[in-house]
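All chains are named by letter (A, B, ...) in the order of the sequence lines, taking the proteins before the strands, and each is independently numbered beginning at 1. Every value quoted in this text rests on a predicted model; they were computed, and no experiment measured them.
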Amino acid sequence: MKKNNFLFSLLFLSQVFWVVKLNYPPSYEQLIFPLTATWQLWLLRLLTLLVVAMLSLQIGKLVSERGRLWYWFLVLLSPLPALLVMSYPLSALKLAVVVIIIKKIGPSLLSKIAGLALIFALLIVVNIKFLHQAPALIDRLSLPVIQAELTDRFNKEYLLSPGNYVPLQIKRIAYNKYFFLIKDVLEEVLRFADLETIFFQEIHPQNQKGEPIFYWGEFGLFALALYVLAVRKDKGRVGLLLAAAIIYFITSDGQPLLRHPVTFFALSVLIADGIPVLLAKRGSVRIVAVAFILLALYGALAHLVDRLERPQYWLDNKPMVYQIYFDSVPLDRYDVVYVADLFGQGPNYCRFYYKNCSKFIFDNFQMVELEPLDNALYVGFSGNFFGITTRDNFDQRPDINYAGHRIEFIQSAMIRDNVANGYGQRIIHGAKTE
Amino acid sequence: MRKQLPLILIIVLAAFLRLIALGKVPLGISPDEVSQGYSAYSLLTTGRDEWGIVWPVTSFRSFLDYKAPLQTYLMIPSIALFGLSEFSIRLPSAIFGILAVWAVYLLTTELFGKKRIGYLAAFFLAISPWAIQFSRTALEVNLSSFLFPLGLYLFLRGLKKPILFYLVASVWGINLYTYHAAKYFEPLFLIFLLFGFRKQLSKIETKTKIKASLVGLLIVAPLLLATVFGSAGERARDLLISQLNVQQTDSIAKLQYFSPLNRIFVGLPRVFSNKVVFIIKDFTENYLSYLSPSFWFTEGGREITYSVLPGIGLLHLFMLPLIVYGLYRLIKDKNPRLNLLLCWLFLAILPAALTKGGYRPNRVGALLVFWEIIAAFGLLKLGELFHLAKRRYLAPVLAMLSLAPVIFYFNTYFFEYPFKYPKALSFGYRDLVTKINGYPKDQPVIVDRGSNSQTFFAFYNQTDPKVFQEYSAIWWQDIQKSRPQYLDQLEKYRLGNITFKIFNPGTDLVEGNLVVIPSEKMSDTYKPLIVDRILYPDGDVVFYLLEQK
């Protein structure tokens, strides 16, 4: 037991160490809370840590006595809880909503249906009201959009030569908005079960980043545990948790990690319940299970090293953009600061870094189209200064002429990835020279 | 006869869906299909393939990709009967696709001991998007959809009637000549069968087992020798994930070099970032891609060149609950066939996962009939669960519900696909060849080489294979010197008055030359030189024909 405690402490501390060492700038979610100083940010992180710890404990109770150690092993191995603590307090609160309701659901079918419906409704409200995020499912539920798609299809078919001679009545069996609605919703739901996303770090070019949820070695444990679950008579609450995970997934949006926190805990419960059964077996099953556990450990270690090496590769770089924007603006030298707010969160970040933002104007300016003001600082991407077609392919001189005015680059920094599509990766602070 | 009526009707349906407008849908034809067709034509008329090789046994050199040979040989009678055309070269694949429906009926009935499940599996396969698409193109992998289940059926029957093992050895031996992935999957599966059925096999006379093994070995021997010593495995080797490219090795080297762990101990980062880890990770990622429900049911494959419709699943959506429930019941009931089926599933993905890139339907061809079997079992079990036999009114309701996705698919495949994705199957060469034939025979033609364009010219012109062989002998000399990976990577090569090379306006746009370029290479400078265009069905341009007056 002591050995286990030592291992768990080590895993826990490695995650905390990563969060503290990184000291990443606040995320959008954190700035929904009225934070105005770094200590408040850390206080929020501490509170989130408490919430995540409480939730992990509560979910852990769903695991059999024998599997609980393995549950903690899986939870502490993944970067997901650490990320929730570091950047996503509202996601942690959404998770709390799910866990609290799951705990209250009774054994009857009616209670389960009502509970899941409540989870669905509450998650949608939180997403729309607080996160200002249209859930992925809502996008799919729009009948006028589907009708427009259908009309477009029919219009195109009329133009074909040779034409489509399937009788309209037959075609209408499939080409109607309700079938398309079901098809679209199912497509969205099926994405939930995309194992590659759950067990691999999906780096999506548009969606920017994605931290791993599980490590690829854990897939083997999952497959074996799934088998154990299928043959087990008492399936506990895993089914309910998985149903809630699907609801969470379809009602949220953004990078996979933020759509799968419930899935993470549900699968952790499932795997943790399965591991003791697998280890109790003799022969090859046991050997394979041990090999997968070692692989998972290795994967976690390899990833921890990678996360320490290049955190910006994994994490959303937009908070970094705002940090570069605001961290070292010499406010006293300028009357006004124009900030190219490409992500629409400028005022929140400004409040965090300066409290008083009266000098700041948030506008996606295009330097080539405006007359630069005296005593004004312009902050934006190279695309804002040189036009979006130029991006970063400009002459790296310290200043440049614009319609007879010289703009001095006070500072410039490169962001790791292209988060501002078309605007380049270089962030510039520029001002008109005397 | 009356007893077999459901099966006959299903086979007729399968035949209808696979044979109707076979030469026209899908629109266009892939270089691989054309190359095999022309090789068959060459064999038929000269007894040698287009490279002048006498009756190749283990592989066809083709574009230097060394294609598996069975399909090419099957095309010979079809070409002899119907001439060299899109229809004739696709016909063997379509026939095997129809036969697969029969084979899956036999296998499923044998597996579960119920004809009803057999009929259901056969019906699902008859209307399966994946099976239809693969049957309607001359893809090597489709042949396996008949041979593999037939072999497995014969094996299971052979446990009771050992004489059938000779047939098993023959059918599975021949199956190894269908496509590359079969060479990896089938031996592994056979090892499993020998181990899993060791008790039953031990009861069979040793003489029969030895004789059957010898039959198999005899059929496989040329392939074994060629795989070890020759070129049969070359294409497969190129595709293996272990063949890392420069970017990948560079990325690993960078991770090692820049790691802060070097400060602790130089060389420590190699523990975490190395080739082995990279390959294992790649393998697992690929493997999981083939278990993705989106891949099977909604998004389909990620390479449209192999007759895959983007955004359309390989299986009908209504099969999803049937498959999930079928798998669940197989596991829950500890069905005696569970191990066999799971082994089939997990081993079939192995060769695909070992090759570069995931989500490639043509690499998991060994699963072509698998899901239909599971879905049929699932439907039967669901029927039992909901007492469908008593509630007969539910059957038509369920049938109607499944009708919508089926109609949606057929309308998309037969009517929208030809217009939406003709580019995927190199549409335009037929018209191009016809247009070029309208020019003087001695006029030099420069073709900006696409993917092995020469094969289309030979195919549509029905070029005398003896003439082609003379040119290919010259190409082979150049290949020996420059060692390209594929034929179309040669700097330039000629077939009659046509030269295939990368378009160079400076040297190619001279008086007297007719130059063919794809639309993406068109620029304002060449617009005054346009003499003709080849169009897609929607009016977009495929090729421009240019001439310097």
- To the nearest 0.5 Å, how far apart are CG in Asn411(B) and OH in Tyr175(A)? 4.0 Å
- Note on the structure: Turns out that what part of Leu317(B) lies under 4.5 Å from chain A's heavy atoms comes down to side chain
- Item | Region of Leu327(B) that comes under 4.5 Å of a non-hydrogen atom in chain A | neither
- Message: I need the Thr197(A) OG1 to Leu288(B) CG distance, nearest 0.5 Å.
- Response: 10.0 Å
- Item | Phe180(A) versus chain B, the contacting section by heavy-atom distance below 4.5 Å | side chain
- Message: Using a 6.0 Å cut-off, check whether atom CZ of Arg198(B) has over 12 heavy atoms from anything other than its own residue.
- Response: yes
- Task: Answer yes or no: is there a side-chain heavy-atom contact under 4.5 Å between Glu187(A) and Glu299(B)?
- Result: no
- Task: Look at atom CZ of Arg337(B) and say whether more than 12 heavy atoms of other residues, nucleotides or ligands are closer to it than 6.0 Å.
- Result: yes
- Message: Counting only non-hydrogen atoms closer than 4.5 Å, does Phe179(A) touch chain B with its backbone (N, CA, C, O), its side chain (CB onward), both, or neither?
- Response: side chain
- Task: Sort Tyr359(B) into side chain, backbone, both or neither according to what part of it lies under 4.5 angstrom from a heavy atom of chain A.
- Result: side chain
- Query: Between atom NZ of Lys183(A) and atom CD1 of Ile312(B), what is the distance when rounded to the nearest 0.5 Å?
  - Reply: 6.5 Å
- Item | Shortest non-hydrogen contact between Leu190(A) and Leu320(B), atoms and distance | CD2-CD2, 3.4 Å
- Query: To the nearest 0.5 Å, what is the distance between CG (Leu403(B)) and CD1 (Ile173(A))?
  - Reply: 5.0 Å
- Part of Leu301(A) lying under 4.5 Å from any heavy atom of chain B: both
- Item | Closest heavy-atom pair and its distance - Ala174(A), Ala404(B) | CB-O, 3.1 Å
- Query: What distance do Ile170(A) atom CD1 and Ile407(B) atom CD1 have between them, rounded to the nearest 0.5 Å?
  - Reply: 6.5 Å
- Task: With chain B as the partner chain, list the residues of residues 285-293 of chain A whose heavy atoms fall under 4.5 Å from it, by residue number, and write 'none' if nothing qualifies.
- Result: none
- Task: Compare all side-chain heavy atoms of Ile280(B) with those of Tyr298(A) and state whether any distance is below 4.5 angstrom.
- Result: no
- With rounding to the nearest 0.5 Å, note down the distance linking CZ in Phe415(B) to NZ in Lys171(A). 8.0 Å
- Task: Find out whether Phe219(A) and Leu291(B) are in side-chain contact, i.e. whether some heavy atom of one side chain is under 4.5 Å from a heavy atom of the other.
- Result: yes
- Before giving the answer on side-chain contact (heavy atoms from CB on, under 4.5 Å), spell out for Tyr227(A) and Leu338(B) the whole-Å C-alpha distance, their side-chain angles and the decisive distance to 0.1 Å. CA-CA 12 Å; Tyr227(A) 180 86; Leu338(B) 173 70; 4.0 Å; yes
- Item | Under 4.5 Å from a heavy atom of chain A, the part of Leu330(B) involved | neither
